[in-house]
Undergrad: 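Just passing along the structure, written as structure tokens.
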2 protein chains.
Amino acid sequence: MGRPAQISRSAVVAAAMAVADEHGLAGLTMPAVAARLGVTTMALYRHVASKDDLLDALVEALLPPLPPEQASWRERLGAMAAAIRDTAARHPAIFPLLLQRPAATERSREIRDGVVAALRQAGLAPDRAARAERLISTAVLGYAAGEAAGRFDHHDRHVRDEDFACLLAAIDTLIEGGGPASGPAAGRAVPGSGG
Amino acid sequence: MGRPAQISRSAVVAAAMAVADEHGLAGLTMPAVAARLGVTTMALYRHVASKDDLLDALVEALLPPLPPEQASWRERLGAMAAAIRDTAARHPAIFPLLLQRPAATERSREIRDGVVAALRQAGLAPDRAARAERLISTAVLGYAAGEAAGRFDHHDRHVRDEDFACLLAAIDTLIEGGGPASGPAAGRAVPGSGG
DNA sequence: ACCTGAACACCGTTCAAGT
DNA sequence: ACCTGAACACCGTTCAAGT
């Protein structure tokens, strides 16, 4: 019978994360991950179906924890946004994968539902809450990804903190106003968007 | 002396774009690009320093054209946003690179300056215009990247059109309100952002 | 000047073999 | 059951050689 396994799927994922953090996405290689675990490259394939599978697992590990239920919707949205930005800062090499991969997993659905629930609690109608979730999530992910990629490196960290605070304040303002308009008339506010 | 070149840098970039469109980022390989041009792999290196250099050139080619100067600031912002979304739809495989790579090139600076100029024309003070540019650009890029990655595939194209219209309307609303607040007090609108 | 042929180091993956 | 060794197809890149 099988001797106790030397490595596990979660160990492989953790090692891959560390390799990516240290050597970038280009340095994230199966041999590099194996070396960090003190094991042959081929041993990884017993715990991970392929490199693509490993990347999916990394994206999963990047998802932020759900905020405490008893907090206000404002606090929950703020906490999730802050957690996203934190993750981007800690794992800049693999963070872009979050926007790149479908992420149709259970955890990702929970998080999306959590944001929608907060928005409903803020008073938005179901369809407006769903739409607001899409726009807010992509805006937050977009800024975090840009920051992680060094897009704003010519600005002080303090300036970027204020950027992010303003983004959250803007979101707050829009929610207070009843969320994004859901009628087709909204498209006319900025012409050229329909072309 | 040199016979007329069979290929050029721009031909290599165009071929790479076509390969990526057809076979995805993973299929974008130097041999594949060369084959499409009817040339040996090694011939590419006379026109492109490396694959990384080629990817940078692709990102450059992805940048939208500057809108006509005589248009209103509203029209110009709308046109640029629409152009970005259009590009994402046409080149979904390489579009994510736009958020991933620094893009500190001349053209990218022109575009950023164009957005800032439009915002100044809308009445924003210099520092607010600069901040609004960062937030607007990343929000638009974020949504376009998410859409290109199939993040919203479970929604009708028509729903996504409205999403995007709402995003532009929201931006418009914030600009009319004087742009994003620039003081530190803005951070308190959504607590948890400072942690 | 531009392209080709041969070659090298490397990566993802498979498969049979070991314990 | 889990890991290893050997092997294969492939990719990015270099260099000397052809025209």
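As the structure is a computational prediction, the values presented were derived from the model and not from experiment. Throughout, protein chains are lettered first and strands after them, A, B, ... in sequence-line order, and every chain is numbered starting at 1. These values consider heavy atoms only, across backbone and side chains, with no hydrogens, waters or symmetry-generated copies.
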Undergrad: Could you list the cluster mates of A/L174? Members are the ILVMFWY residues connected by side-chain heavy atoms closer than 4.5 Å, either directly or through other members.
TA: B/L174
Undergrad: Quick one: what's the B/S/- string for nucleotides 6-15 of chain C, heavy-atom cutoff under 4.0 Å, read 5' to 3'?
TA: B----SSBB-
Undergrad: Identify the heavy atoms of A/L28 and A/K51 that sit nearest to each other, and give their distance.
TA: O-NZ, 2.9 Å
Undergrad: Only pairs at least two apart or in different chains count here, so list each side-chain hydrogen bond (donor to acceptor under 3.5 Å, both in side chains) that has a residue in residues 53-63 of chain B.
TA: B/R9-B/D53, B/D56-B/R101, B/E60-B/T105
Undergrad: Using the test ring-ring contact (aromatic ring centres under 6.0 Å, His included), find all partners of A/F152 that sit at least two apart in sequence or belong to another chain.
TA: A/Y143
Undergrad: Given pairs defined as Watson-Crick or G-U wobble with both distances under 3.5 Å, what dot-bracket annotation applies to DNA chain C, with ( ) intrastrand, [ ] crossing, | other strand and . unpaired?
TA: ||.|||||...|||||.||
Undergrad: Report the residues that fulfil salt bridge (charged side-chain N to carboxylate O under 4.0 Å, His left out) with B/E110, sequence neighbours left out, ordered by chain and then residue number.
TA: none
Undergrad: Show every side-chain hydrogen bond (donor to acceptor under 3.5 Å, both in side chains) that has at least one partner inside residues 20-39 of chain B, sequence neighbours left out.
TA: B/D21-B/H91, B/E22-B/R36
Undergrad: Rounded to whole Å, how long is the line connecting atom CD of B/Q6 with atom P of D/dT19?
TA: 14 Å
Undergrad: State whether B/H47 places a side-chain N or O below 4.0 Å from either non-bridging phosphate oxygen (OP1 or OP2) of C/dC2.
TA: no
Undergrad: Please list, chain by chain and in numerical order, all residues satisfying side chain to side chain donor-acceptor pair (under 3.5 Å) with A/T173, sequence neighbours excluded.
TA: none
Undergrad: Going by heavy atoms closer than 4.0 Å, what residues in residues 7-25 of chain A are next to DNA chain C?
TA: none
Undergrad: Not counting sequence neighbours, which residues clear side chain to side chain donor-acceptor pair (under 3.5 Å) with A/R109? List them please.
TA: A/E106
Undergrad: The criterion is salt bridge (charged side-chain N to carboxylate O under 4.0 Å, His left out); which residues satisfy it with A/R90, sequence neighbours excluded?
TA: A/D86
Undergrad: Could you pull out all residues at least two apart from A/R134 that satisfy salt bridge (charged side-chain N to carboxylate O under 4.0 Å, His left out)?
TA: B/D163
